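This report refers to the structure that appears directly beneath it.
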Amino acid sequence: MNRRQYFSDLLRQRILILDGGMGTMVQQYKLDEADYRGHVCRDHVCDVKGNNDLLVLTKPEVIREIHHGYLEAGADIIETNTFNGTSIAMADYKLEHMVRALNREAAKIARECCAEWTKKTPNKPRFVAGALGPTNRTASISPDVNDASKRNVSFDELVVSYTEQLDALMEGGIDLVLVETIFDTLNAKAALFAYSSVFEHESDPPPLMISGTITDASGRTLSGQTVAAFWTSVRHACPISVGINCALGAIAMRPHIEELAKIAPETFISVYPNAGLPNPLSDTGYDETPEMTSGFLKEFAQSGLVNIVGGCCGTTPAHIGAMVDAVAKISPRLVAA
């Protein structure tokens, strides 16, 4: 049985649980510049504080602890700590030369954590999703309000950068590829092109997951696409799942998930919202408690809208544990064989 069929069978059996926020969890450790530098970047030419992806090399125990927290809470799938793990994003820190090592190590750490938990719960195997973020540039929108034609990145540059990231993630050992937090579909299409190129001659590639981001009440991505337009733009990649994450809490996401579930009847649906709205007075920096977020997602499940649920910014292992309990007895959304 190939990997796509294996995951399809699992997704028809039960709702799978994705992990929660990584960046907001890292923030709780209150790491300083020295922590981010470690020995690896001790003499680096510029500041690296805030480069969370670098921590897989300089503070791996933090990333392991976060992964283990989500796995202990019941997550089936954890994402590699590689949201900004491209040469394009790493250029801000002058760390383009470390991209391969960073992605390879991130995948290895996640792989080891999943192996440990699969051994503990063999009836509940755990999986690694290689996370490909949107980068910090956009191929569709000008960075200069006075020049609508200007771009600070090209499609070809994005393809090269994503290809390098994917190659390294595969070396580290991933089970799935997750192109996530898509605010510009042209960026995502570059990632999808890289995916198709890397696995062109692979008979059993890691299944592809796609997750877009609706930025506000308009129901559009930052580059202006509706949910339907977004799906039309990426469906050619034949992902095993498509969904929405980040930017919004679950309540605001619901109409968009409902629409996506209707227009993608043969594709599994994922959703991993933020824990409500940002709140600097909260311990996690966001409004919703685990009970609140899991309650909203339980209603999604009861309405037959989802196959994969998890959390994004502000969610914690407690949020993921509450989701596990909330959807445990609910059947997944039906998808045609």
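The structure displayed is predicted, hence computed values, not measured ones.
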Quick check: does any side chain N or O of Ser161 sit under 3.5 Å from a backbone N or O of Glu157, one acting as donor and the other as acceptor?
no

Quick one: does any side-chain atom of Asp184 pair with a main-chain N or O of Ala139 as donor and acceptor, under 3.5 Å?
yes

Give a yes or no answer on whether the side chain of Thr267 reaches the backbone of Cys238 with a donor-acceptor pair at less than 3.5 Å.
no

Lys59/Glu61 salt bridge by N-O under 4.0 Å criterion
yes

Determine, step by step, whether His236 and Lys189 satisfy the side chain to side chain contact (heavy atoms under 4.5 Å, CB included) criterion, reporting the C-alpha distance in whole Å, the side-chain angles of both residues, the deciding distance to 0.1 Å, and the verdict.
CA-CA 10 Å; His236 69 280; Lys189 287 170 80 70; 3.5 Å; yes

Side chain to side chain contact (heavy atoms under 4.5 Å, CB included) between Val309 and Ile15, intermediate numbers included
CA-CA 7 Å; Val309 300; Ile15 295 172; 4.1 Å; yes

So, Gln28 and Thr24: side-chain donor and acceptor under 3.5 Å apart, yes or no?
no

Donor-acceptor under 3.5 Å (Thr58 side chain, Arg37 main chain)
no

Quick one: pull up CG in Asp19 and CZ in Arg126 and give me the separation to the nearest 0.5 Å.
11.5 Å

Using a cut-off of 6.0 Å, state whether more than 12 heavy atoms not belonging to Lys124 lie near its atom NZ.
yes

Is the Phe7 ring parallel, tilted or perpendicular to the Phe127 ring (thresholds 30°, 60°)?
perpendicular

Phe155 atom CZ, neighbour heavy-atom count above 12 within 6.0 Å:
yes

Quick check: are there more than 12 heavy atoms from other residues, nucleotides or ligands sitting under 6.0 Å from NE2 of His39?
no

Are the charged groups of Arg100 and Asp167 less than 4.0 angstrom apart, N to O?
yes

Strictly distance-based, threshold 3.5 Å: is any side-chain N or O of Thr213 a donor or acceptor partner for the main-chain N or O of Thr215?
no

Residue Lys94 excluded, over 12 heavy atoms near NZ under 6.0 Å
no

Using a distance-only test with no angle check, is there a side-chain donor-acceptor pair under 3.5 angstrom linking Asn2 and Asp204?
no

Test side-chain hydrogen bond (donor to acceptor under 3.5 Å, both in side chains) on Asp9 and Gln13 and set out the steps.
CA-CA 6 Å; Asp9 289 348; Gln13 293 169 19; 5.9 Å; no

Please round to the nearest 0.5 Å and tell me the distance separating atom CG of Leu55 and atom CG of Asn81.
6.5 Å

Point-to-point distance, once rounded to the nearest 0.5 Å, from CZ of Arg104 to CD1 of Ile174:
13.5 Å

Are Glu116 and His68 close enough that some pair of their side-chain heavy atoms sits under 4.5 Å apart?
yes

Checking Tyr93 against Met98 for the side chain to side chain contact (heavy atoms under 4.5 Å, CB included) test, could you report, in this order, the C-alpha distance in whole Å, the side-chain angles of both residues, the deciding distance, and whether it holds?
CA-CA 11 Å; Tyr93 298 96; Met98 295 185 72; over 6 Å; no

Quick one about Ser218 and Asp216 (side-chain donor to acceptor, distance below 3.5 Å, no hydrogens or angles considered), yes or no?
yes

Leu11 and Ile240: CA distance, side-chain angles, deciding distance, side chain to side chain contact (heavy atoms under 4.5 Å, CB included) verdict:
CA-CA 10 Å; Leu11 287 163; Ile240 195 169; 4.3 Å; yes

Arg254 and Glu258 ion-paired at < 4.0 Å:
yes

Any sub-3.5 Å donor-acceptor pair from Arg111's side-chain atoms to Gly173's backbone N or O?
yes

Hydrogens and angles aside, do Ser149 and Asp147 bring a side-chain donor and acceptor to less than 3.5 Å of each other?
yes

